[in-house]
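In what follows, a structure is listed as structure tokens, so that the remarks can point back to it.
Worth saying up front: this structure is predicted, and the values here are computed from it rather than measured. Here is the naming used below: chain letters follow the sequence lines, and residue numbers restart at 1 for every chain.
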Protein chains: 2
Amino acid sequence: MSSSEPGTSPSAAPRMDERTGAARLRSLPTRLLSLAATHSDRLVNEGLAAADARKWHFAVLATLEESGPASQAELSRRTGIYRSDLVSVINELTDRGLVERAPDPADRRRNVITMTERGRARFARLDELVTELEDEVLAPLGPAERDQLARLLARLVDHHARRDG
Amino acid sequence: MSSSEPGTSPSAAPRMDERTGAARLRSLPTRLLSLAATHSDRLVNEGLAAADARKWHFAVLATLEESGPASQAELSRRTGIYRSDLVSVINELTDRGLVERAPDPADRRRNVITMTERGRARFARLDELVTELEDEVLAPLGPAERDQLARLLARLVDHHARRDG
DNA sequence: TACTAACGTTAGTTGGACCAACGAAATGTG
DNA sequence: CACATTTCGTTGGTCCAACTAACGTTAGTA
């Protein structure tokens, strides 16, 4: 695949894996990944904060919207939020009247988290907001490129999620 | 591939921007970006830590290797490290005998940071290590896909770097 | 019964990104 | 020249996300 022979390429710019020094630094995928994520996170966090929300709020509401009521442990698994951090997230959501936390009669270790009507409406609004923020982050890319990026990233995430559980 | 026209594709999966609930959550580019960066950062940090190094060490050495001696302020600009954080990074590098910090006679506000012979050798080793780590992070992708990913990310970083300086 | 595992919770650590403000030194402006 | 502004290295913080440890409670299991 992709001629491993150097010198056969007539391109003006050096191949990425042949760069050295700071030029290599600037094109290092892991570095670009970090930088892009930093910018993206900032934009998303600021956007959500302006609407009195956080990333995790959206993640939890989205999961409840799709799968219905769930225990905190289950929400933790599906969203990737640590169960210790999830406590305060659920607190914030209940404070805003978006979800309800009730003990599970069938298993008294568990709490059942249920989305309220207000929570559903809220999620719809956040969903739109997130769409706008995604658009802002991905502004320089066309639709096909956005799909491609998402697919490549999903492959990476998938691969590494399997390895460390 | 990449027919930018919707509806022409016979794919079974829904288009990414038409998903709802948790399925959308799982395919959100900003989320994938965060997750991928988290995994990548962890791998790289652990790998470098095992060699008594850190990301910033590599960044500084790479910059010095390419452009020669520089002031801390200049290194800060080129690597993106905050100038306040750079202080301890330079300390760590001098402690290991990889760079030298000397006052600049031409501008007595500045320090001139110069790479030592040992620093050059060290950089060569770190360079190889980073190559291995990159390979581990990008394991699930082929060479062409890696290039594509790097290019897409570079476009994002470029775009957002201009906006906030 | 006793042991093990899961659950929610509290309290903590670690590390990265970032800001404020300082004295010293340089540069610009009148 | 004098004065204001800017730059530089440095100190000492803040804030937040990711992560860990441990505890009491409850459920399954041998």
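Within 3.5 Å, no donor on the side chain of B:Arg108 pairs with an acceptor on the base of C:dA25, nor the reverse.
Across all strands, A:Arg83 comes closer than 4.0 Å to base atoms (heavy-atom distances). Heavy atoms of A:Asp85 sit under 4.0 angstrom from at least one base atom. Looking at heavy-atom distances under 4.0 Å, A:Ser84 makes contact with a base.
Salt-bridge check for A:Arg96 with A:Asp52: passed, with a basic side-chain N closer than 4.0 Å to an acidic carboxylate O.
Residue B:Arg109 places its side chain closer to D:dT7 than to any other of C:dT9, D:dT7, C:dA17.
In this model, the phosphate group of C:dT9 is approached by a side-chain N or O of A:Arg101 to a distance below 4.0 Å at OP1 or OP2.
Both A:Arg77 and B:Arg54 sit near DNA chain C, but only A:Arg77 has its closest nucleotide nearer the 5' end. Comparing A:Thr38 and A:Gln72, the nucleotide of DNA chain C nearest to each residue sits closer to the 5' end for A:Gln72.
Between the side chains of A:Arg110 and A:Gln72, no donor N or O sits under 3.5 Å from an acceptor N or O. B:Arg24 and A:Thr131 are linked by a side-chain donor-acceptor pair at a separation below 3.5 angstrom, with hydrogens and angles left out of the test.
At least one side-chain heavy atom of B:Val112 sits under 4.5 Å from a side-chain heavy atom of B:Thr114.
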